[in-house]
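Scroll down for the structure; my scribbles are underneath it.
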Amino acid sequence: MKTYSFKKEERLKSRKLIETLFREGKAFSVFPYRVVYMPVDTLPVGKYPVQVGFSASTRRFPNATDRNRVKRLTREAWRLQKQELYEQLQAQSRKLAVFLIYTDKNIQPFSTVQSKISVILRKLAATGEPPVPPPATHS
C-alpha cells in the first residue's frame with residue numbers, strides 16, 4: 001500500500017545536519033530548483049530514508065505568502081512522487097539528506113513544479129548507483 005504522507009520525521013530540521021549538508025554536500029540544478037544532497041548514516045532510525053528541506057529566497061519573494069506558496073507547491077509535488085526514490089534507497093539501504101532551493105523569480109504552475117520534482121527524484125535515485133564497469137573487450 002502506498003502512503004502519500006509527509007511526516008515530521010521526513011523534514012530536515014537539524015541545524016547541524018543542514019550546515020554540514022551545505023558545506024560538504026553535492027549539488028545540481030533543475031530549473032527552477034537548486035538541489036543540495038548528501039548521503040548520511042546519522043539520520044534517526046526510522047522508516048524514512050530521506051530527510052528533505054525546502055526554501056525560497058526572501059530576496060526573490062519579499063512577501064511571505066509567496067514564499068510559503070512556493071514551498072507548499074514543492075512539498076506537495078514531493079509528497080506525491082517520493083515513493084519510488086524511497087523504495088530504491090531502502091533496497092540499497094542508503095539514506096539521504098536533501099535540500100531544495102527555489103530559484104525562479106516567478107511562481108511556476110503546479111504542473112511544472114510536479115514535472116521538475118520528478119526529474120529531481122530520478123536524478124537523486126541515480127546518484128548513488130554503483131558505477132557500471134565498462135564492458136570487457138576481448139583482444
Side-chain angles (χ1 to χ4, degrees):
M1 187 189 100
K2 289 189 176 182
T3 55
Y4 294 103
S5 60
F6 187 67
K7 298 271 193 274
K8 187 176 172 183
E9 297 83 49
E10 295 175 75
R11 292 175 193 249
L12 181 57
K13 295 188 300 241
S14 156
R15 176 167 284 171
K16 200 183 283 183
L17 184 53
I18 292 170
E19 284 171 3
T20 309
L21 176 62
F22 280 101
R23 210 175 35 247
E24 300 168 16
K26 296 188 178 79
F28 62 88
S29 290
V30 174
F31 186 80
Y33 292 98
R34 177 137 181 82
V35 182
V36 183
Y37 69 96
M38 176 177 87
V40 286
D41 352 308
T42 56
L43 281 186
V45 178
K47 55 183 179 202
Y48 303 110
V50 177
Q51 276 197 340
V52 62
F54 305 94
S55 82
S57 160
T58 312
R59 192 185 309 155
R60 294 219 163 86
F61 296 104
N63 294 338
T65 50
D66 294 337
R67 281 195 304 279
N68 292 339
R69 173 149 182 78
V70 165
K71 291 187 283 187
R72 199 166 41 246
L73 288 171
T74 308
R75 266 197 307 272
E76 182 66 3
W78 178 273
R79 181 183 73 81
L80 293 172
Q81 301 178 68
K82 67 182 181 186
Q83 207 64 38
E84 210 174 300
L85 173 65
Y86 278 34
E87 286 164 7
Q88 243 178 317
L89 290 175
Q90 279 168 335
Q92 301 166 354
S93 64
R94 290 173 40 227
K95 293 189 172 196
L96 286 178
V98 179
F99 210 89
L100 299 173
I101 304 158
Y102 191 85
T103 56
D104 197 0
K105 291 184 179 72
N106 306 312
I107 300 175
Q108 298 288 334
F110 184 65
S111 57
T112 309
V113 169
Q114 229 176 349
S115 66
K116 298 301 183 175
I117 293 293
S118 80
V119 171
I120 289 169
L121 287 166
R122 281 198 301 276
K123 276 193 165 192
L124 285 171
T127 55
E129 305 274 322
V132 179
T137 53
H138 298 287
S139 38

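Residues passing the side-chain contact (heavy atoms from CB on, under 4.5 Å) test with Lys13 are Lys8, Arg11, sequence neighbours excluded. Taking the ring pair (Phe, Tyr, Trp, His ring centres under 6.0 Å) definition, one finds that Phe110 meets it with nothing, sequence neighbours left out. Partners of Glu76 under the salt bridge (charged side-chain N to carboxylate O under 4.0 Å, His left out) rule, at least two apart in sequence or in another chain, are Arg79. Residues meeting the ring pair (Phe, Tyr, Trp, His ring centres under 6.0 Å) test with Phe22, sequence neighbours left out: Phe99. Scored by the side-chain contact (heavy atoms from CB on, under 4.5 Å) test, Arg15 finds Glu19 as partners (sequence neighbours excluded).
Under the side-chain hydrogen bond (donor to acceptor under 3.5 Å, both in side chains) criterion, the residue pairs touching residues 24-34 are Ser29-Arg34, Tyr33-Thr74, with sequence neighbours excluded. Applying the ring pair (Phe, Tyr, Trp, His ring centres under 6.0 Å) definition to pairs two or more places apart or across chains, those involving residues 57-77 are Phe61-Tyr102. Among residue pairs with one or both ends in residues 50-74, none qualify as salt bridge (charged side-chain N to carboxylate O under 4.0 Å, His left out); sequence neighbours excluded. Residues in residues 108-118 take part in these side-chain hydrogen bond (donor to acceptor under 3.5 Å, both in side chains) pairs, two or more places apart or across chains: Asp104-Gln108.
Summarising the geometry, atom CG belonging to Leu124 is positioned 7.5 Å from atom OH belonging to Tyr37; distances are rounded to the nearest 0.5 Å. In this structure, NZ in Lys95 is found 11.5 Å from OH in Tyr48, a value given to the nearest 0.5 Å. Atom-to-atom distance recorded for Met38:CE and Ile18:CD1 is 10.5 Å, nearest 0.5 angstrom.
With contacts defined as side-chain heavy-atom distances shorter than 4.5 Å, the pair Trp78/Leu121 qualifies. When side chains are defined from C-beta on, Thr127 counts as touching Arg94, because their heavy atoms get closer than 4.5 Å. Using a 4.5 Å heavy-atom threshold, the side chains of Ile120 and Val98 count as separate. Side-chain contact between Val35 and Leu100 is present, with at least one heavy-atom pair separated by less than 4.5 Å. No side-chain heavy atom of Lys82 sits under 4.5 Å from any side-chain heavy atom of Val50.
Closest approach of Val113 and Ala77 over heavy atoms only: CG1-CB, 3.9 Å. Nearest heavy-atom pair, Val40 versus Ala97, reported as atom, atom and distance to 0.1 Å: CG2-N, 4.0 Å.
By the criterion of side-chain heavy atoms lying less than 4.5 angstrom apart, applied directly or through intervening Ile, Leu, Val, Met, Phe, Trp or Tyr residues, Leu80 is grouped together with Val52 in one hydrophobic cluster.
Proximity of a side-chain donor or acceptor of Glu87 to a complementary backbone N or O of Glu84 within less than 3.5 Å is not detected.
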